[in-house]
Amino acid sequence: MTQSDKMKRREFLTMGSSLGLLGVAAAATGGAVFKYLMPVVTYGTPKKFKIPKSDLPDVGDELLFSDQKVVLRRHSDTEMAALSLVCTHLGCTVNVVETGFQCPCHGSQYDIKGTVVGGPAPQSLAWLTVKPLPGNYLEIDTGSRLKENSYFKV
Amino acid sequence: MGMAKMQQLKPVLHEFGRKVYSTVIRHGADNTGLTKSKIMFGNLFLHIQPVKVHKRTLNFKTTLCAGLITFYLFLILVGTGVLLMFHYVPSTHVGPDGLPEAYQRMLNLRSNVFWGVFTRNMHRWAAHAMVAMMILHVFRVFVTGSYRRPREFNWVIGMICGILTVVLSYTGYLLPWDQLAYWGVKVGTEIAKIAPGGEIIRGILLGDNEVGGEALIRFYVLHVALLPTLLTVFIAIHFFRIRKDGGLAKPDDTSGDKLIPQSECGEVRNTSVFKSARSYQLVEIVKGTEPKVNEEVNQMVFSWPKLMVRELIVFVLVLAVLSVISLAYNAPLEGPADPAHPTNPSKAPWYFLGLQELVSYHALFGGVILPGLLAGLLLVAPYIEIFVETLFGLKRGNISGVYFGKERLLENSLFMTIFIAGILFIIIGSLFRGANWEFVYPWIPTPGGH
């Protein structure tokens, strides 16, 4: 092969360094765009919400919070619990039915205590942390996940 | 002004008009091969197609027109989509009527905008049809083995177009901000969450940790700007490569094919001094092989006007059928998005119902692993074939262009199995699933369902 058939040294260096610089610029831009697009704040419903103790349901009753997707249950005079209504399969909101909970999206079924009894759900519904706040308030953390039968003193 | 002056002016005006015309259209109006060629390659929009095509190309059976119709539907979607943009606001802000603005705009199309419903119907039905025709096109290309050498890479480009088509549909149906929109995207992005690296994809798609106003803006930008641009570029590459790879795939021997008779191909006047020469046939030289001087040459016809007329007829038919459907059936619009109450059952559009059915067995396997694997295999199908042929030293030559050719029995059997299974899953998901995703028979009405 003669010299002229190959890419000349100078051409190679020019092309190589130009492409290299362009690559660096592309990588930097890509990283910046990624940071630009990744969310840093949420506009959604806050994870924690509080209710006055006087709002608690009577013993044996339950109270539904649609926006927060939580059901509150009064177990006894002194005990209550909060269950998440977010299906553990793919995040649809489950419906409260007589036998427990049912998900309309892919047919997951839970019993009264949120244990899976049918459908594709991989785990039971989350029982949530309830924390008393000063001034007769309760704070419910929808981001928490406790084991079954996690009751809290009122 | 006197008549004489007018008479004087007439030839001047005629000459001027002729000159203006020739600045725009540079070919004559005769039926010589030169003019027929010039019409094709002198026009930006036509020159993506060859001057001459094989007669097989003109047969409906060869392509089922699936790819062409998919492209036409894309054009119609761009047209109706731009019109819809004039009346749409991607906002979840709740207005004085208690409805999110995006949803209110759907009602506005329905009640106030002149032919607003029709425009939306056409956009929605064209979107459904585009996915269907795209699937039919993939089917045709596979079972005829048309992705074999030298068209392997164009199959990959085509698959990217197909994926973009589905993603465009997916981003599009969030925009009305109704129940279907909300729960479709909610479930879709939950599936993304369980995929590896899914949290990042989900974060970038939603711009938040749940589906809300930020997600609507992002899906809107993807739907109206980024994805259509990408799809346009990939369609251009796809079409360009069809040319460069020598047109549609065809078997070596086409003498047995039923082709349109020569008498119907139109007379071509030869004004060349070389009366016996077919010099224009050198135009057919594309990559590699020299033009064949045998019966093949006689099976080539000028694209103008035979192919062009056929393409025009298909476009008119697509428009007509779509218009009738859009007049007769309204695009669905459910209640405004309500994160607290999914509809029961909550179903995705038909092309995702197979996936929804799979997901109802197992989220990770049905929603990520199986569809990912199938899409991956389909994407590189031609290369799998090359690999297997190399591995076993198979030399199969040109076996493209024939439906269900017996040389490709194995490939076609595998493909048909997956294809039919996919259709079955879609049918089960569409018709045999009722409230709470329970198995129902469509012919037995369920009390209190939907």
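Given the structure is predicted, the values throughout are model-derived calculations rather than measurements. Residue numbering restarts at 1 for every chain, and letters A, B, ... go by the order of the sequence lines.
- Only the side chain of Gln109(A) comes within contact range of chain B, judged by heavy atoms closer than 4.5 Å.
- For Tyr182(B), the part lying near chain A is the side chain, with the backbone staying farther off; criterion is any non-hydrogen pair under 4.5 Å.
- Heavy atoms closer than 4.5 Å to chain A are found in both the backbone and the side chain of Gln356(B).
- Within a 6.0 Å sphere centred on OH of Tyr137(A), heavy atoms belonging to other residues, nucleotides or ligands number 12 at most.
- For chain A, no part of Leu364(B) is nearby; none of its heavy atoms comes within less than 4.5 Å.
- Contact of the Ile204(B) side chain with the Met38(A) side chain is registered, since non-hydrogen atoms from C-beta on lie closer than 4.5 Å.
- At a 4.5 Å heavy-atom cutoff, the contact between Cys92(A) and chain B is made by backbone and side-chain atoms alike.
- Note: Asn209(B) CG to Lys47(A) NZ = 5.0 Å, rounded to the nearest 0.5 Å.
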Dump the intermediate steps for side-chain contact (heavy atoms from CB on, under 4.5 Å) on Leu90(A) and Lys186(B), then the final yes or no.
CA-CA 8 Å; Leu90(A) 288 173; Lys186(B) 170 86 185 162; over 6 Å; no
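- At a 4.5 Å heavy-atom cutoff, the contact between Val41(A) and chain B is made by backbone atoms alone.
- Other residues, nucleotides and ligands contribute more than 12 heavy atoms inside 6.0 Å of the CZ atom of Phe439(B).
- Here the side chains of Pro39(A) and Glu214(B) are not in contact, with every heavy-atom distance at 4.5 Å or above.
- The two residues Cys105(A) and Val187(B) make their nearest non-hydrogen contact at SG-CG2, 4.2 Å.
- Formation of a donor-acceptor pair under 3.5 Å by the His106(A) side chain with backbone atoms of Leu358(B) is not found in this model.
- Distance OG1/Thr42(A) to CD/Glu210(B): 5.5 Å, rounded to 0.5 Å.
- No other option in Cys103(A), Pro120(A), Gly107(A), Pro122(A) has as many heavy-atom pairs under 4.5 Å with chain B as Pro120(A).
- Counting heavy-atom neighbours within 6.0 Å of Phe432(B) CZ, excluding the residue itself, gives a total above 12.
- Looking at Arg218(B) and Leu37(A), their side chains come closer than 4.5 Å, going by heavy atoms from C-beta outward.
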